[in-house]
Asker: 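Got a structure for you, written out below as structure tokens; questions coming shortly.
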Amino acid sequence: MSTITPDISNFIHMSDWDDSTIHGVLEKAAQLKAENFRKPVAFGKVLGLIFFNPSLRTRISFETAAIHLGAGTSIIQPGHGTWTFETRTGVVMDGNRTEHLKEAVQVISRYVDIIGVRAFAGMKDVDEDMEDRLIRDIVRYATVPVINMESAREHPCQALADGLTIQEQFQNRPKGKKFVLSWTPHPKPLPMAVPNSVLEIAVRLGMDVTLTCPPEMVPDKRVMDLVGRHADRLGTEVQISHNQVTAFTDADVIYAKSWAGPLIYDDPAAETELRTTRYHNWTVDDGRMAVTNNASFMHCLPVRRNVVVTDAVLDSPQAIHIDQAENRLHAQKAVLMKLWNLL
Ligand code: CP
């Protein structure tokens with residue numbers, strides 16, 4: 001469970017890093033981007049990247065960041081070229097899973113200098129997902145720093161890249177700008193990590209944040225409470241609106257994202273009906289963008305065209321999703337340098 005106590009030895013949850021650390025890393029990322037920084041300051045170091053789930057941006061941006069810093073990478077895809085990992089504790093391992101995570105992570109730690117982990121929400125046990133038990137176990141077993149490359153609960157590297165992109169849009173003065181996170185339909189029940197982290201970074205940049213989603217799609221109370229505590233601490237606003245057009249009015253940023261509602265844990269069929277049918281008209285289109293303050297359109301990618309957002313919006317000059325994706329590289333380069341004490 002994340003707290004607001006700073007823990008800068010890993011990068012697991014946004015709240016593990018205090019405001020000055022977050023802002024310092026964002027400043028460094030902007031500087032690295034401006035310099036097109038490529039120096040072998042981390043020569044000889046190795047980044048071990050464990051992917052339990054697929055990726056395009058995360059994998060390539062981390063590999064590229066490592067190369068730019070003179071480091072190497074080792075990609076581990078459990079069950080694909082390495083043994084399958086048992087992640088549960090205390091089980092009799094007489095099934096298909098060959099190696100326990102406990103040994104695997106300790107061994108990997110002997111070879112590499114940072115471990116990155118991608119392990120999406122299982123969406124079976126809400127407490128397991130919200131407490132981020134798997135990545136927390138990996139932190140416990142690891143003897144090197146661990147970076148969250150999207151866990152059950154958060155995607156902090158995405159949030160940092162989004163923060164950098166927002167800073168760029170508003171010349172480092174996003175405070176008071178209206179940021180809207182909009183739920184959108186999707187044929188698949190996607191994890192909630194991105195919305196959880198994006199709400200937090202927007203609040204911590206001092207933005208006036210509105211979450212717009214159907215009533216059944218509000219993220220877990222633990223996340224909303226954490227975001228609310230940051231907002232109280234920083235004197236910013238977080239509102240929830242179930243009317244997408246009202247929420248979009250005068251917005252400076254529209255961030256679209258699909259996610260599965262909490263009902264996925266108790267009644268997946270009902271959640272599917274809501275996500276794909278009842279709320280199918282929540283796609284972001286020109287009409288909705290027209291009521292904004294010429295808002296920038298953001299999405300973490302991958303995006304389903306004409307389901308999440310129309311071609312017209314995604315191909316418009318307001319769309320900055322490719323900048324967001326590029327900024328993964330710069331933000332993560334800064335995170336690696338922070339964890340390797342190279343800043
Ligand atoms: N946004 C993001 O994490 O992209 P990938 O899933 O392709 O890594």
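Note that the structure is a prediction, hence the values are computed from the model and not measured.
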Asker: Would you mind listing the cluster partners of Ile60? Hydrophobic ones only (ILVMFWY), side-chain contacts under 4.5 Å, chaining allowed.
Answerer: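 Besides Ile60, the hydrophobic cluster comprises Leu56, listed by chain and residue number.
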Asker: Is Asn96 atom CG crowded by more than 12 heavy atoms from other residues, nucleotides or ligands, each under 6.0 Å away?
Answerer: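 No, because the 6.0 Å sphere around CG of Asn96 holds 12 heavy atoms or fewer from other groups.
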Asker: Are Val180 and Thr292 packed together at the side-chain level, in the sense that at least one heavy-atom pair is separated by less than 4.5 angstrom?
Answerer: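 Not touching, per the 4.5 Å side-chain cut-off.
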Asker: Check this for me: Lys102, atom NZ, are more than 12 non-hydrogen atoms of other residues, nucleotides or ligands nearer than 6.0 Å?
Answerer: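 Not buried by this count: 12 neighbours or fewer within 6.0 Å.
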Asker: Taking only residues two or more places apart in sequence, or in another chain, which ones meet Arg305 in a side chain to side chain contact (heavy atoms under 4.5 Å, CB included)?
Answerer: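 Checked Arg305 against side chain to side chain contact (heavy atoms under 4.5 Å, CB included); matches are Asp311, Leu314, Asp315.
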Asker: If you define the side chain from C-beta out and look only at heavy atoms, does anything of Leu301 sit under 4.5 Å from Gln324?
Answerer: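 When only atoms from C-beta onward are counted, Gln324 and Leu301 do not touch, as no gap falls below 4.5 Å.
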Asker: His230 and Ser15: side-chain donor and acceptor closer than 3.5 Å?
Answerer: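 Yes, side-chain donor-acceptor contact under 3.5 Å.
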Asker: Search all heavy atoms of Val105 against all heavy atoms of Ile138 and return the closest pair with its distance.
Answerer: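 Distance-wise, the nearest heavy atoms are CG1-O, 3.7 Å.
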Asker: Any chance you could measure Ile76, atom CD1, to Ile50, atom CD1, to the nearest 0.5 Å?
Answerer: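 The CD1 atom of Ile76 sits 5.0 Å away from the CD1 atom of Ile50.
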Asker: Would you indicate whether the side-chain heavy atoms of Asn10 and Asp16 approach each other to under 4.5 Å?
Answerer: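 No, side chains not in contact.
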Asker: For residues Ile322 and Glu326, determine if any side-chain heavy atom of one lies less than 4.5 Å from a side-chain heavy atom of the other.
Answerer: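 The answer is no; the side chains never approach within 4.5 Å.
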Asker: Give me the atom names and distance for the closest heavy-atom approach of Phe52 to Ala119.
Answerer: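 Closest pair (atom of Phe52, atom of Ala119, distance): CD1-CB, 3.8 Å.
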Asker: Just verifying a value: how many Å separate His100 NE2 and Thr84 OG1, rounded to the nearest 0.5 Å?
Answerer: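 Spacing of NE2 (His100) from OG1 (Thr84) equals 12.0 Å.
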Asker: Under the criterion side-chain contact (heavy atoms from CB on, under 4.5 Å), I'd like the reasoning laid out for Ile166 against Phe179: C-alpha separation, chi angles, the key distance, then a yes or no.
Answerer: CA-CA 10 Å; Ile166 290 166; Phe179 177 95; 3.8 Å; yes
Asker: Would a 4.5 Å heavy-atom cut-off, applied to side chains only, mark Leu181 and Lys257 as touching?
Answerer: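 Yes - at least one pair of side-chain heavy atoms lies under 4.5 Å apart.
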Asker: Do the side chains of Tyr141 and Ile115 get nearer than 4.5 Å, heavy atoms only?
Answerer: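 Answer no - side chains too far apart.
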Asker: To check you understand the geometry: which heavy-atom pair defines the closest contact between Trp282 and Pro214, and what is its length?
Answerer: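 For Trp282 versus Pro214, the nearest heavy atoms are CH2-N, 3.6 Å.
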Asker: Do the side chains of Arg229 and Asp232 get close enough for a salt bridge, i.e. N-O under 4.0 angstrom?
Answerer: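 Salt bridge between Arg229 and Asp232, a charged N being under 4.0 Å from a carboxylate O: no.
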Asker: Could you walk me through whether Asp285 and Arg288 pass the salt bridge (charged side-chain N to carboxylate O under 4.0 Å, His left out) test, one step at a time?
Answerer: CA-CA 6 Å; Asp285 61 12; Arg288 286 167 177 81; 3.0 Å; yes
Asker: Between the side chains of Asp225 and Arg222, is the shortest nitrogen-to-carboxylate-oxygen separation below 4.0 Å, so that they form an ion pair?
Answerer: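 The answer is no: the pair does not qualify as a salt bridge.
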Asker: Under a plain distance cut-off of 3.5 Å, with no hydrogens placed, do Arg304 and His299 share a side-chain donor-acceptor pair?
Answerer: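 Looking only at side-chain atoms, Arg304 and His299 do not form any donor-acceptor pair under 3.5 Å.
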Asker: Under 4.5 Å side-chain heavy-atom separation, chaining through any Ile, Leu, Val, Met, Phe, Trp or Tyr, what else clusters with Val91? Say none if it is isolated.
Answerer: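 Met93, which link up through side-chain heavy atoms under 4.5 Å apart, make up the rest of the cluster.
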Asker: Considering only heavy atoms from C-beta outward, does the side chain of Val284 approach that of Gln244 to under 4.5 Å?
Answerer: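 A side-chain contact exists here, since the closest heavy-atom pair is under 4.5 Å.
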Asker: Walk me through it: do Leu336 and Lys45 pass the test side-chain contact (heavy atoms from CB on, under 4.5 Å)?
Answerer: CA-CA 11 Å; Leu336 292 175; Lys45 292 192 183 291; over 6 Å; no
Asker: Going by distance alone, is a donor N or O of one side chain under 3.5 Å from an acceptor N or O of the other, for Asp18 and Thr21?
Answerer: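 There is such a pair (donor and acceptor under 3.5 Å, judged by atom type) between the side chains of Asp18 and Thr21.
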Asker: Nearest 0.5 Å, please: how far is CE in Met149 from CZ in Arg328?
Answerer: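 Here the rounded value is 9.0 Å.
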Asker: To the nearest 0.5 Å, what is the distance between CG (Leu329) and CZ (Phe62)?
Answerer: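 Here the rounded value is 10.0 Å.
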Asker: Which one of Lys333, Lys28, His330 satisfies the side chain to side chain contact (heavy atoms under 4.5 Å, CB included) criterion with Lys33?
Answerer: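 That would be His330; it is the only one of Lys333, Lys28, His330 passing the side chain to side chain contact (heavy atoms under 4.5 Å, CB included) with Lys33.
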Asker: Is a donor from one side chain sitting under 3.5 angstrom from an acceptor on the other, for Asp323 and Gln169?
Answerer: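 No pair is found: no donor N or O on one side chain lies under 3.5 Å from an acceptor on the other.
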Asker: Just wondering, do Met130 and Asn196 contact through their side chains at under 4.5 Å, heavy atoms?
Answerer: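 Heavy-atom side-chain distance check passes, below 4.5 Å.
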